[in-house]
Novice: 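I am attaching a structure below and will ask some questions about it afterwards.
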Amino acid sequence: MAKGSQLSQLKTALSKAGVTGKQQQGKKRKRSGSVDKDKEKRAAKLEEIHKRLNPFDTKVTKLKHDVGGRKVKGVSGKPAQSKQAGIEQAQFHERGRAGGIVDRRFGENDPSMSLEERMLERFTKERQRASKGMAFNLEDEDELTHYGQSLSKLDDFDDVGLRLDDDEENTGKIDADIVERTHFGGFDDEEEENSEEPARKKSKAEVMAEVIAKSKEHKLRRQMEREHEDNVRHELDQEFDALRALIYAPEPSTTGNDSTPLGDSGAEMTSQPVVLTLPAVSEDYDQHVRELAFDKRAKPKDRTKTEEELALEEKEALEKAERRRRKRMLGLEESDSEDESKSRGKRKRGGDDLEDDFVDDEWDGLGAGLSGTVDVDEAEASGSEEERSGEDDDEEGSGEEDEDEDEGDSENEAEEGEHEDLIQAKQSTSRSLTKGKAKELPFTFPCPSSHEEFLSIVNDVSDDDVPTVIKRIRTLYHTSLNPENKFKLQTLATILIDHILYITTPPEPRFSLVSLMLPHLEALTKAYPIQVAEHFVEKLSLMHKNLKRGLSRGALDPEAKTWPGLSELTLLRIIGSTWSTSDLNHAVVSPTRVLLGAYLGLGRVRSLSDIASGLFLCTLFLQYEEFSKRLVPEAINFLTNTVLHLAPHHYYKTVVSLPGSFPSPDFRSDLCRPLVLKTKAQSKVVPRKANLTALFDLGEPTEQAKVDLLSLALGLLGKYADMYKSLEGFIELYGPILEILKHVDTAHLAEALQTQMTALSNSLGRLLKFSRQAREPLRLQAHKPIPIPSYIPKFETTTSNYLRHQDPDHERNEAAKLRNQYKQERKSAIRELRKDAKFLAGVEQQKEKEKDRAYHERMKRVFGSIEGERAEEKAMEREKAKAKKRAGRK
């Protein structure tokens, strides 16, 4: 082999073998068979070259005695290739394996079995496995025998000749059996003659008869012993009291003497051992034992019921209570039976009966909860019919609204028209509530499909019982009881909103009932948020239309309704407590915030009721922005204008003289001048908590109302300042407000109002001071100077591969290393993939060869059998031809 490096040797070997270099191009076309042979020859040459270049791949074992012409297996081998082949074979066989752990638990992978069935089957399997070892256990009465003898009575020392000490009578004498077996029978002639005769062997029938007889005898003996023990125990139990009285003396506390056995004297006691006195056993012991035996065993607790089961139980309880109430009202006897088909019997007449229990068959019931019959199913049916009719009406109404919208969509047409109330039902002036004895409340009610039906139900019900009525309606029409109840409860939620607007409408608003109804409305809103949100948005749209209509008539017109009333304010307050107000975008709260801002920004102050309404809106904004702390400039502007309208001051004469840039269109207007506090009666008026209902019903402005509203405005300014103190523009926002507060004439104000004004001014001064200290002017960004990149030229001054690959530029050197590493990894991955592909191709080729070999062998067998049959057929034909020839010759 040529000298040099491995690469040069490989090139030389390939050129000599004719693998590389110019190939001979012949004009003649080669056949496909020659091409396959050339490929095989080429592969053989490459394999030979590979063997010569890698001499260490072959391991040769040197023989100790080499015999010429003998071939020994295992002398030379290739351990690396064998190992690689073994690894590849193992990987090939394990290619489809997912894991080594097999889940053999019974029924674990069976989806048709429930958890209880799996546990029961596993328990059965465990008991079966445990009972396998008990298959050969015998009962207590059965005994193991060997050749007719009981194994429990056999002694290991019987064959030795040893006896027990009790059986030995005379020591020093040898037993006859020992003499006979070990001492040759004592050399007795008679014994020798007897020993010469062989003993007769018992038959099988005799042996079995003897075994049966012994077994019966032992069984009878054990039975007799057991009966004897039972009799003795029974006699002892019967005579135990008498026996105890004979043995032990009574207690010393009862007799005054020591505990001594009865019938013994004191002298005998000195000479005989003293009998110990046992504690007296209670005579009720047996009775206690019997009571414990008959005690009621603990039962497992009932399982936790589902929501559907609880709802069904509550509904059935209400229906049952309603039936009993109806029977009491009709004077019928109450019974536990639920059979309503039985004839109702009247109550028994007494001596002083006035015969006022006449019952008409067409009794229509009392109250809104009694609808003719007691049957709840009929009530539900009627309720569903009413609901369907209500839905039809709603659909017709919506259709009419759509037609109206199609006729005119312009804003001018929407602004024109009269003010629309949020609730169309008119509140009754007098409520038929009994002032004496309270009327009994029914237990079942039909689910209303409109607000009018709900009013007919709660017309004769007191405000404290209205939440009970709503709760019972929700219980009777729970969603799990009937699929249609879902739509009924959705309608009920919208009815509750309308009823809240109804009861807060002047002249008799009932805010206590709103607080009682609010939990039910929140629960229904959480259950059906989409439908309730749509109803809220519908009410908000109507309020926005009313605002535009009022503004179109004139913002300063006293008859224009540009500020929300009690019902509108209640609706806005319920929205803030029902929905999340901190979301960036919300289907209900976002339009509510826009509407609140429109009221505060577009409304003009005309009276104290307008200021009261605006202050309530500012309170709602404070509640809405408690967590998000978004800036509401409309609220701050309205509070500042409220202070300007109510507080006395002589410094600012016109709007131009006001500090800041906030708008104040009503400052010193004709409608707002009567709202300023009078200096003569100010010191006597003490601020109190503002009454919203009284302020809305107020005709002429009073000094007490002015002081209350001014105190409320100052408190809201302080709360807003505490919420907005972290804003960047807090100085520009509250600087003008502090200046206005400093110029307010506080000399004639009440002492409490002066204290509040001073505290607010000091608080705002401190907050503004801290904001000015925290504010810094803008400066250029201070950062580390960016160095100018320097491009180092690459000089190759050496021929070393290591130094050649060391680039002075660190980033470029790391990139080169990463590229080299990627290249090496890619080559290794390609090499592994090629190796795997080659191995898989070899496996597939081996399978094809095995398949072809089996096919050829099968075809050989078939052809062999056919050829044999054909040979026999030809031999028979030849024989027939010969026979014909012979017959022709003859």
Side-chain angles (χ1 to χ4, degrees), residues 310-340 344 346-347 356-387 390 428 430-478 481-482 484-485 488-489 491-493 495-496 499 502-503 510 513 516-517 519-521 523-524:
L310 293 175
L312 182 60
E313 286 185 358
E314 292 177 359
K315 177 184 177 182
E316 292 176 352
L318 289 177
E319 292 175 351
K320 187 176 180 181
E322 177 63 16
R323 285 192 289 269
R324 290 181 177 177
R325 190 188 71 85
R326 289 296 303 274
K327 288 182 180 181
R328 289 197 306 270
M329 293 179 62
L330 298 176
L332 302 178
E333 295 181 357
E334 298 183 9
S335 60
D336 296 334
S337 175
E338 296 295 334
D339 189 6
E340 296 292 339
R344 298 179 177 179
K346 295 184 179 180
R347 59 183 175 86
D356 55 352
D357 57 344
F358 176 76
V359 180
D360 193 1
D361 293 335
E362 297 182 357
W363 172 256
D364 198 16
L366 294 176
L370 305 177
S371 55
T373 59
V374 187
D375 193 2
V376 183
D377 297 333
E378 296 181 6
E380 292 182 358
S382 62
S384 62
E385 291 177 359
E386 293 173 359
E387 182 181 0
S428 60
S430 61
R431 303 180 62 202
S432 57
L433 290 177
T434 57
K435 297 182 179 179
K437 183 178 180 182
K439 187 179 295 184
E440 187 177 4
L441 190 67
F443 292 94
T444 58
F445 300 91
C447 188
S449 59
S450 63
H451 185 227
E452 288 74 11
E453 294 182 9
F454 184 77
L455 287 178
S456 63
I457 294 174
V458 299
N459 187 23
D460 298 333
V461 179
S462 63
D463 292 348
D464 296 337
D465 294 335
V466 170
T468 307
V469 174
I470 300 173
K471 182 179 179 182
R472 290 179 180 178
I473 293 176
R474 291 178 55 196
T475 303
L476 290 171
Y477 297 94
H478 195 269
L481 301 178
N482 194 350
E484 296 181 358
N485 292 345
K488 294 182 180 180
L489 292 181
T491 307
L492 179 63
I495 291 173
L496 292 183
H499 191 67
Y502 173 78
I503 60 179
R510 290 171 283 167
L513 181 56
L516 297 176
M517 293 176 59
H520 298 282
L521 180 59
L524 292 174

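Just so we're clear, the structure is a prediction, and the values are computed from it rather than from any experiment.
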Novice: State whether the side chain of Arg474 and the backbone N or O of Leu524 hold a donor-acceptor pair below 3.5 Å, judged by distance alone.
Specialist: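 No; judged by distance alone, with no hydrogens or angles, the pair does not exist.
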Novice: Looking only at non-hydrogen atoms, find the nearest pair between His520 and Leu516 and report the distance.
Specialist: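 Reported closest heavy-atom pair: CD2-O, 3.8 Å.
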Novice: Taking C-beta and beyond as the side chain, do Tyr502 and Leu455 meet within less than 4.5 Å on heavy atoms?
Specialist: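 Yes, their side chains come closer than 4.5 Å.
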Novice: Minimum heavy-atom separation for Leu476 and Phe443, please, with both atom names.
Specialist: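 Closest pair (atom of Leu476, atom of Phe443, distance): CD1-O, 4.0 Å.
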Novice: State, to 0.1 Å, how close Leu513 and His499 come at their nearest heavy-atom pair, and which atoms those are.
Specialist: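 For Leu513 and His499, the tightest heavy-atom pair comes out as CD2-NE2, 4.3 Å.
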Novice: From His451 NE2 over to Leu496 CG, what is the distance, rounded to the nearest 0.5 angstrom?
Specialist: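 These two atoms lie 9.0 Å from each other.
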Novice: Taking all heavy atoms of Ser449 and all of Thr491, pick out the closest pair and write down the distance.
Specialist: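 Closest pair (atom of Ser449, atom of Thr491, distance): O-CG2, 3.6 Å.
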Novice: Does one side chain, of Asp465 or Ser462, offer a donor that lies under 3.5 Å from an acceptor on the other?
Specialist: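 Short answer, yes.
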Novice: Of all heavy-atom pairs between Lys488 and Cys447, which one has the smallest distance, and what is that distance?
Specialist: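 Where Lys488 meets Cys447 most closely, the heavy atoms are CB-SG, 3.6 Å.
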Novice: Minimum heavy-atom separation for Val461 and Ile457, please, with both atom names.
Specialist: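 Where Val461 meets Ile457 most closely, the heavy atoms are CG2-O, 3.7 Å.
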Novice: What distance do Ile503 atom CD1 and Met517 atom CE have between them, rounded to the nearest 0.5 Å?
Specialist: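 Those atoms lie 5.5 Å apart.
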Novice: Distance check, rounded to the nearest 0.5 Å: Leu521 atom CG versus Ile470 atom CD1?
Specialist: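 Answer for the CG-CD1 pair, Leu521 versus Ile470, is 9.0 Å.
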